[in-house]
Amino acid sequence: MKEDRMHDNALLVKTDHAELEAKKKAGEEKAKLPKPYDPKADAQADLNKLIAQAKKEGKNIMIQAGGNWCIWCLRFNNFVQTTPELKNIVDKKYLYYHLNYSPDNENPKVFSKYINIKEKQAYPFFIVLDKNGKKIHVLKDSSVLEEGKGYSLEKVKEFFNQWTPKS
């Protein structure tokens, strides 16, 4: 009986150590990644400007909802910014906006225009607006774009290409 308990404790210690190590690695990764979300931004004013610009340029608006606290949000942003093929699609076809959700600023008024804010969200998620600011798509589960510990080039490219403005 005593041996069983010692074995259980050993497992607990190993799990805690592995979990702490994983958290430490994620923290180090998070520290290195660019922080595109601005909790102080006036999101509605920013989006109003983007909609005016989108009308002129004939582009759709891609809103990436999340925060600088979210490792997957930062990974996605970094993946797009450092993958020329994706950055090219985004720069040519979209106006891109990082809509902040954090304890500092949950942006409830802006979010409630596009989603049910009473539902639990998984971050990042994406809201696609047409050039007039009308919601045309919400991708609630970005895990469909993941591959391993990151994102799939093919899946992300397909997602971006699916919602580009139709000429």
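Bear in mind the structure is a predicted one, so any value in this text is a computation, not a measurement.
Interatomic distance, I89 CD1 to M62 CE, rounded to the nearest 0.5 Å: 10.0 Å. The distance from the CG atom of N48 to the CD atom of Q44 is 4.5 Å, given to the nearest 0.5 Å.
Remark: N88 pairs with K92 by the side chain to side chain contact (heavy atoms under 4.5 Å, CB included) rule, at least two apart or across chains. Partners of V90 under the side chain to side chain contact (heavy atoms under 4.5 Å, CB included) rule, at least two apart in sequence or in another chain, are V80, Y96, F160. With sequence neighbours excluded, the residues forming a ring pair (Phe, Tyr, Trp, His ring centres under 6.0 Å) with Y37 are H98, listed by chain and number. Judged as a salt bridge (Lys or Arg N to Asp or Glu O under 4.0 Å), and not counting sequence neighbours, the contacts of E154 are K157. Partners of E29 according to the salt bridge (Lys or Arg N to Asp or Glu O under 4.0 Å) rule, which considers only residues two or more places apart in sequence or in another chain, are R75. Residues satisfying the salt bridge (Lys or Arg N to Asp or Glu O under 4.0 Å) test with D91, not counting sequence neighbours, are K87. Partners of K23 under the salt bridge (Lys or Arg N to Asp or Glu O under 4.0 Å) rule, at least two apart in sequence or in another chain, are E19. Evaluation of the side-chain hydrogen bond (donor to acceptor under 3.5 Å, both in side chains) rule for K49 yields no partner, not counting sequence neighbours. Scored by the side chain to side chain contact (heavy atoms under 4.5 Å, CB included) test, D104 finds P39, S102 as partners (sequence neighbours excluded).
By the 4.5 Å heavy-atom criterion applied to side chains, D46 and D38 are not counted as neighbours. Residues L86 and L153 are in side-chain contact: their nearest non-hydrogen atoms beyond the backbone lie under 4.5 Å apart. No side-chain heavy atom of N68 sits under 4.5 Å from any side-chain heavy atom of C73. Side-chain atoms of L145 and S152, non-hydrogen and from C-beta on, never get closer than 4.5 Å to each other. Residues N60 and T164 have side chains not in contact (no heavy-atom distance under 4.5 Å, counting atoms from C-beta outward).
Counted within 6.0 Å of CD on E57, heavy atoms from surrounding residues, nucleotides or ligands total more than 12; the atom is thus considered enclosed. More than 12 non-hydrogen atoms from other residues, nucleotides or ligands lie less than 6.0 angstrom from NZ of K30. Counting non-hydrogen atoms of other residues, nucleotides and ligands closer than 6.0 Å to NZ of K35 gives a total above 12.
Applying the ring-ring contact (aromatic ring centres under 6.0 Å, His included) test to pairs two or more places apart or on separate chains, none has a residue in residues 46-67. For residues 125-146, every residue pair satisfying the side chain to side chain donor-acceptor pair (under 3.5 Å) rule, not counting sequence neighbours, is listed here: E119-K140, D141-S143.
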Verify side-chain contact (heavy atoms from CB on, under 4.5 Å) between F159 and Y151, making sure each step is shown before the conclusion.
CA-CA 12 Å; F159 168 64; Y151 288 96; over 6 Å; no
Can V156 and T83 be said to form a side-chain contact (heavy atoms from CB on, under 4.5 Å), step by step?
CA-CA 11 Å; V156 174; T83 307; over 6 Å; no
CA sep, side-chain torsions, deciding dist, call: Y94, W163, ring-ring contact (aromatic ring centres under 6.0 Å, His included)
CA-CA 9 Å; Y94 293 100; W163 300 106; 9.6 Å; no
What's the verdict on side-chain contact (heavy atoms from CB on, under 4.5 Å) for N100 and N107, showing C-alpha distance, side-chain angles and the deciding distance?
CA-CA 7 Å; N100 183 74; N107 280 308; 4.0 Å; yes
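When hydrophobic side chains of Ile, Leu, Val, Met, Phe, Trp and Tyr are connected at separations under 4.5 Å, V138 ends up clustered with L47, L50, I51, I61, I63, W69, L95, Y97, L99, Y101, V110, F111, Y114, I115, I117, Y123, F125, I127, L129.
The two atoms that bring P34 and N78 nearest to each other are CD-OD1, 3.7 Å, heavy atoms only.
Side chains of K59 and Q53: no donor on one and acceptor on the other come within 3.5 Å.
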